Amino acid sequence: MLIWSRAGRAAVLGVTALVVLVLYAAPLAIIVLAAFAGQWNGVWPSQMGLGNFTAVFQGAPGEAVWASLVTGLAASAVALVSGTAAALALRGGRGIGRRALDLLFFLPSAVPSVSVGLALLVAFSRPPVLLNGTALIVVIAHFVIVSAFAFGAVSAGLMQLPRDVEQMAESLGASAGYRLRRVTLPLLLPYLAAAFGLSVALSMGELGATSMLYPPGWVTMPVSIFALTDRGDVFEGSALTVILIAATLVHLALVQLATRGGRAGGRRSGTA
Amino acid sequence: MADATTRPLPHPHRTLRHTLRAALPGSAWVVLPLALSALVFLYPLALVLHEALTGGGAGLDTGPALRVLGAHIFRTALTNTLRIALASTLGCLVIGFALAVVLSYVPFPGRSLALRLIETFIALPTFLVTLAFTFLYGSAGIVNETLMQATGAALPPLDFLYSSWGVILAEVTVYTPFVLRPLMAAFSTLDRAQIEVAASLGARAPMIVRRILLPAALPALMAGGSLCLLLTVNEFGIVLFIGAKGVITLPLLVYSKAIQEFDYPTACVVASANLVLSVGLYALYRAMVGRMGGGHADLV
Amino acid sequence: MPAVPDTTGEGAVAAPPSLSVSPSPSPQGPEGQRIHFEDVSVRYGAVTVLSDFTLTVEPGEIVALLGPSGSGKTTALRAVAGFVAPTSGRVFIGQRDVTGIAPNARNIGMVVQNYALFPHMSVAENVAFGLRARRAERGLVARRVAESLALVGMEAFAGRMPRALSGGQQQRVAIARALAIRPSVLLLDEPLSALDAQIRRQMVEEIGRLHREIPDLTILYVTHDQHEALTLADRIAIMRDGKLAALDTARALYRRPPNRFSAEFLGRANVLEGRVSALSDDGTMAELEIGALRMRGANPHGLPAGARALIGLRPHHLTQALPHAGPGTSGAADGAVRIEGRITHVDWQGASETLTLALGPTSGGTTSGGTASGAASDPATAEIRCTAPPAAEPHRIGATITLHYDPQDATVLPHEATDG
């Protein structure tokens, strides 16, 4: 629809294809290409092989994969629990207090990640709590950054839940805890899973705060990629980037699969 | 009822546990997230603001802060940040709107694949695009090599990557999906019959886009645009990876002051200024989302 | 979603008082429980949704709350369920004041329009939910689930997920789920509105059968569909603008609606406006003067001569043939009222047809023989609808026909200052 003429449609689609290819397909393809390249002197790379990947896994950057995964999973798990608790508490509430808390839990998403890093650096390099130089401070930074996102996703999920289904549970005699356990959380599960999946993805790509905080023994993938490319190891950097992309996508797919495998389809039963 | 012989069921809420649970209001859940937020977010942020306002000293002393804010490097970083953010946002809005219109109303094979490809970038790190651009448009990149071989030029003819333009192009790529998403949602709720009726009344595509699609998309454009503005002001990875000497933005200035120069007081002042700007933009975003009728303002 | 007070908060806090009442075995044996509204008002800010509502549903009775949307009927039902807190007034179930009691402590069965089945639980798990919430022992749960599903004819679907069921089947499961907990009362909130016409008729019969099988179950049935109300309800409460407009048995309300709104809402009666011009000796019958037209009807309100009044008459009580016309009678049957009208519209519905007639200046009642008195008077603008089996020959628009009705079928109603 919209464009009925054959020529007009061809022109529009041609331009669209060009934009999508240049902006999105080409960058992804080129990174993958570079990840397998040994040399790139002419237009196209040469000496293709797995050398960059073996180099990554044999050297320090390999540890970055582990650091990123642990950081992402830990920070996202805490963010999910805290975000769910916050979203449940603020649900259906009204008034200035609720609005203020809502704003507070969203605020980390407004703060530049570098500033989050700086703030944690300033706060925990002095007594009473000394965390500077630990892996924990990196996890904390990632928690702060993904917390707003987890809270937002769970809140949005809660708003999608059919209210009458929960009311029905209540009228059938379910206590608040029973209803939460048997009805609200199961219905929320797809949203929780999606929130968790994207939180981990967000955390795995985090660079700003991590750059400010990371201790020598806890270098995440993005920091490692920057270090590699900064000193000219662009192909190894690309290989690690491909690993990062793959890890992110595999993780997202796994989360999606896990939810779909479960019986919880957060779909409303009514046909109306 | 069917069998009156069965004993009546115990009434719910009978046990003490149930009583306690019932008496505990649901809002008690807020204690954990609130405590976490206070400890690892509010307290550190307050320290940064405190540091900025006292200049590292004991009492209130805005002298150092004002000196930083008056310095040439801060001014440059601020103008750079705003210029790049505005240009990127404008680019995102234009490309995002065009893509949304085509993806929603001009069916073609591979449409869903294209949409998925673009949306994948929401989950991927921002610097990825910069890295790819150096291979594509860098001085020794594919495009320049091809052009040099074709024209025999001695110098790379395409030289925009290591400037604000490189940053803007990368940010447009990375943040267009954030505009595309609310736009697609807005178009999906628009009644397609409106377009058909308009066409049957003689309207051509440009008029339909201008008179029907644009007004329908306006709230989503405002929301997506203000989100873009916020994210591009805060963007760090892209600028860091481009590593152009002349392109310093506020987040990069915070980083270089703190990490490369160990000048924490200055970093705190710059971070505070950046924070004020970001929170202002966030307020704008919330207002736009509120106007869009959406309940929650979740980023991403 | 309407502004529903957060019941998880205040309702739950208010629950403890009920605990002193409930430990005695919940009274739900053979004897049903009554539902009693006592001056219940519900206000949201300046908006009054329910106003001084008083109604008692007797044990084992089905009362239909009938009214247009926005009349407060669903609010009344939700006040019984506990999802709406009355601004003032009290709600009783049996002898127990449940006004401040949390919904989950009321022991109520509730069925709503869109079924609200738990989408992540099987049919059996849905039905078992209320029992498990009460920590009923396993054997009892299994027995009750089987019983309840059998009651609605859904035994074969116990393992299915709700999304694999049709709307009608989902609603049966919803009913089974409500009945499994042996509720003291059953609340049905537009239970059939989401179903298509044929399934709806079938389900009306089902619910009727269900009530015959569980005759002690007290049912409050909210609907905007007069057919459902007339078929199922022992008594009908007609609601309008948050107030109770009429309450009586279905037959009485239909035969003698107490006011204009009831007459028009239940059975779409013709209502004409005039003045009482004459009364029968005992005052039980009255004649209305409507312009040049004279119409007689029962006068249950005992309106005096000269009073402004309305007369309500069902379309199907108007016939072209003479009512009570015995074989030997050639003229008007004794007492039948004769009116003339010009056909302005014919609406054919298959088994019947509805004629719309303009009551022209030539028309008259029994007292005025049909003299052509000129000039447009009130009845020139008045219209009347008449439903009858379709005529062999199609009616011609513009034709003048004569209609008759038995004055006992018409009801003289008090005039209302404000018209809806």
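Just the heavy atoms: all of them, side chains too, but no hydrogens, waters or symmetry mates, feed the values below. Order of the sequence lines sets the chain letters (A, B, ...), proteins ahead of strands, with each chain counted from 1. As the structure is a computational prediction, the values presented were derived from the model and not from experiment.
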| task | Show the numbers, then the answer: is there a side chain to side chain contact (heavy atoms under 4.5 Å, CB included) between B/W29 and A/L180? | result | CA-CA 12 Å; B/W29 288 99; A/L180 180 69; 3.6 Å; yes
| task | Please round to the nearest 0.5 Å and tell me the distance separating atom CD of A/E206 and atom CZ of B/F236. | result | 9.0 Å
| note | Note: A/L118 and B/A258 closest approach over all heavy atoms is CD1-CB, 4.0 Å
| query | Do B/V102 and A/R9 have side chains that get closer than 4.5 Å, going by heavy atoms? | reply | no
| said: If I take atom OG from residue A/S113 and atom OH from residue B/Y255, how far apart are they, to the nearest 0.5 angstrom? | reply: 11.5 Å
| Should A/T16 and B/V106 count as side-chain neighbours, where that means a heavy-atom distance under 4.5 Å? | no
| field | Side-chain heavy-atom pair A/F124, B/L47 within 4.5 angstrom cut-off | value | no
| field | Which atom of B/G237 lies closest to which atom of A/L207, heavy atoms considered | value | CA-CD2, 3.6 Å
| remark: Looking only at B/E145, B/Q149, B/M148, most heavy-atom pairs under 4.5 Å shared with chain A are made by B/E145
| query | Going by heavy atoms in the side chains, are B/L124 and A/L28 under 4.5 Å from each other? | reply | yes
| When you look at CZ of A/R99, are more than 12 heavy atoms from neighbouring residues, nucleotides or ligands closer to it than 6.0 Å? | no
| message | Please classify the contact of B/I142 with chain A as side chain, backbone, both or neither, using a heavy-atom distance under 4.5 Å. | response | both
| Rounded distance (nearest 0.5 Å) linking atom CZ of B/F41 with atom CD1 of A/I140 | 14.0 Å
| query | Rounded to the nearest 0.5 Å, what separation is found between the CG atom of A/L252 and the OG1 atom of B/T120? | reply | 8.5 Å
| field | Any side-chain heavy-atom pair of A/V122 and B/P44 under 4.5 Å | value | no
| note | Closest heavy-atom pair, B/L32 versus A/S82, reported as atoms and distance to 0.1 Å, is CD2-CA, 4.2 Å
| Can you tell which of B/L103, B/I118, B/L113 makes a side chain to side chain contact (heavy atoms under 4.5 Å, CB included) with A/V20? | B/I118
| Considering only heavy atoms, which portion of A/V19 lies under 4.5 Å from any heavy atom of chain B: side chain, backbone, both, or neither? | side chain
| query | What residue in A/P108, A/G205, A/A201 has the most heavy-atom pairs under 4.5 Å with chain B? | reply | A/P108
| Which answer fits A/L249, side chain, backbone, both or neither, if we ask what part of it has an atom under 4.5 Å from a heavy atom of chain B? | side chain
| note | Taking every heavy atom of B/L128 against every heavy atom of A/I245, the minimum-distance pair comes out as CD1-CD1, 3.0 Å
| Shortest non-hydrogen separation from A/A110 to B/N234 and the atoms involved | O-ND2, 2.9 Å
| request: Between chain B and each of A/V12, A/V78, A/L104, A/L101, count heavy-atom pairs under 4.5 Å; write down the option with the most. | output: A/L104
| task | For each of A/A79, A/A123, A/G197, A/A26, tally heavy-atom pairs with chain B at distances under 4.5 Å, and name the one with the top tally. | result | A/A123
| request: Apply the test ring-ring contact (aromatic ring centres under 6.0 Å, His included) to residues A/F226 and B/F241: give CA-CA distance (whole Å), side-chain angles for both, the deciding distance (0.1 Å), then the verdict. | output: CA-CA 7 Å; A/F226 177 66; B/F241 265 70; 5.2 Å; yes
| request: Mind running side chain to side chain contact (heavy atoms under 4.5 Å, CB included) on A/V114 and B/L250 for me, showing each step along the way? | output: CA-CA 10 Å; A/V114 178; B/L250 290 179; over 6 Å; no
| message | Could you check whether any side-chain heavy atom of A/I31 comes within less than 4.5 Å of a side-chain heavy atom of B/L131, counting everything from C-beta outward? | response | yes
| note | Heavy atoms of A/V234 and B/F135 approach each other most closely as CB-CZ, 3.9 Å
| note | When the 4.5 angstrom heavy-atom criterion is applied to B/L213 and chain A, the contacting part is side chain
| note | Looking only at B/V40, B/L42, B/L39, most heavy-atom pairs under 4.5 Å shared with chain A are made by B/V40
| remark: Between the CG atom in A/L107 and the OH atom in B/Y282, the distance rounded to the nearest 0.5 Å is 7.0 Å
| message | Would you say that B/P33 contacts A/F151 through its side chain, given a criterion of any heavy-atom pair below 4.5 Å between the two side chains? | response | no
| said: Is A/A25 in contact with chain B via its backbone, its side chain, both, or neither, using a 4.5 Å heavy-atom distance? | reply: both
| message | At a 4.5 Å cut-off on heavy atoms, which part of A/T241 comes close to chain B: side chain, backbone, both, or neither? | response | side chain
| task | Could you grab the distance from atom CG of B/L240 to atom OG1 of A/T229, nearest 0.5 Å is fine? | result | 8.5 Å
| Are the side chain of A/Y24 and the backbone of B/T173 linked by a donor-acceptor contact shorter than 3.5 Å? | yes
| task | Could you tell me whether the side chain of B/N274 and the main chain of A/S115 form a donor-acceptor pair under 3.5 Å? | result | no
